[in-house]
Amino acid sequence: EREWAANAGNPEEIAKIEQAGAIWFAGGDQLRLTTVLLGKDGGPTPMLKALRRRLDAGAAIGGTSAGAAIMSDRMIARGHSLAALLRDDSVGEPLQVADGLGFFPHGLVDQHFDANARLGRMAVALGRLEKSQRLGFGIDEDTALVHVLGEKSLTVAGSGNLTVIDGRQARWQETEGGVRIQGLVISVLSPGDTISVDGGEFVPSAYLAPTIGNEYRNAEPVQGGGIALPAMRLADLLGEELLDNVGASMIDRYSFAVTGADVLAVRFRFTQMPDSEGYWGTDDQDQSRYSVFGVRLDIEPVGTKTASSFPRSS
């Protein structure tokens, strides 16, 4: 693999690209991929130019894991959500945003999204982009975001969800305790759903029916966090606990980190808005599915607390 790195200018390797009907990027380290294909000045290498020509000519380009992260103009190179939100590298890997390869021009792409708790790092990363570019697409494992160039919609495929975060009207503020973010809009889509490339129009799959006005539950949700509460996928949390629940209009979830003598906490507040949409149904595999569209998300640090106030075993 190391010996291949110089081939971005190799005519023989570029000739293979010129004949390809599909190009697939494997996982690994997205910075290794972009270092190979972007020149030292940040411009496209001959191989990247060939890849873009093939894409324009109708070839399919895709990737998994790191190979998905490189698709957008800017990409998340690395980082953990709590470290990004708290601005504290002692609780995780710091967030790094770098240049991607620009195959997908509609927003920032992230992957392993729900399984690796990447909502926080996406929210912080969007604030580092130009306002018009603050649209994020978080792809779960065994899930794909499919875009046909020239079409105005995106389709979800696979077995997981696509999380879309719109930060174009949101506000970011650096505080002593971390990053406060107000006014994000979050949507979570299921397989078969489509959304417009600007995030403004959503079409649910045919197997889904509206939940708002026909809510299944009427219960006040537990506002909390941590492993003592049942683990829920983001789609189920926002679908079942919020938009399919007449007893709730807002849900709080908390993430904590203990560092030294302090307990650091971040609150994620999800709020149902007048134009929020919720859907539920069972797909062709008889799997229960929720899709939600247009939920408000606010994130803020909620202070520090002396760890010694928590009981500890002797």
* Given the rule in the side-chain contact (heavy atoms from CB on, under 4.5 Å) test, do I17 and L51 qualify, once you have shown the distances and angles that lead to the verdict? -> CA-CA 7 Å; I17 296 294; L51 288 164; 3.9 Å; yes

* Give the intermediate values and the outcome of side chain to side chain donor-acceptor pair (under 3.5 Å) for residues S190 and S291. => CA-CA 6 Å; S190 294; S291 289; 3.0 Å; yes

* ring pair (Phe, Tyr, Trp, His ring centres under 6.0 Å) between Y207 and Y279: does it pass, once the steps are laid out? -> CA-CA 9 Å; Y207 62 83; Y279 299 88; over 10 Å; no

* List the steps, then state whether side-chain contact (heavy atoms from CB on, under 4.5 Å) holds for N161 with L234. => CA-CA 9 Å; N161 294 100; L234 187 58; over 6 Å; no

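At a cut-off of 3.5 Å, with distance as the only test, no side-chain donor of S196 or S153 sits close to an acceptor on the other residue. Under 3.5 Å, the side chains of Q111 and R118 contain a donor-acceptor pair of N or O atoms.
Below 30°, between 30° and 60°, or above 60°: for F268 and F270 the angle between ring planes is below 30°, a parallel geometry.
Of the charged side-chain nitrogens involved, none lies within less than 4.0 Å of a carboxylate oxygen, so that E18 and R54 do not count as a salt-bridged pair. Residues D244 and R217 are not paired through a salt bridge, judged by the lack of any N-O separation under 4.0 Å between the basic side chain and the carboxylate. Between D166 and R134 no salt bridge is recorded (no basic side-chain N to carboxylate O distance below 4.0 Å). A salt bridge links D140 and R233; the closest N-O separation between the charged side-chain nitrogens and carboxylate oxygens is under 4.0 Å. Between R269 and D252, at least one side-chain N (NZ, or NE/NH1/NH2) sits under 4.0 Å from a carboxylate O, which counts as a salt bridge.
Annotation: cation-pi geometry not satisfied between R128 and W172 (NZ/CZ under 6.0 angstrom from ring centroid, within 45° of ring axis).
L242 is connected to V292 through a chain of hydrophobic side-chain contacts under 4.5 Å among Ile, Leu, Val, Met, Phe, Trp and Tyr, so both are in one cluster.
By the 4.5 Å side-chain criterion applied to Ile, Leu, Val, Met, Phe, Trp and Tyr, M273 is assigned to no cluster and stands alone.
For G177 against P301, the heavy-atom pair with the smallest separation is O-CB, 3.6 Å.
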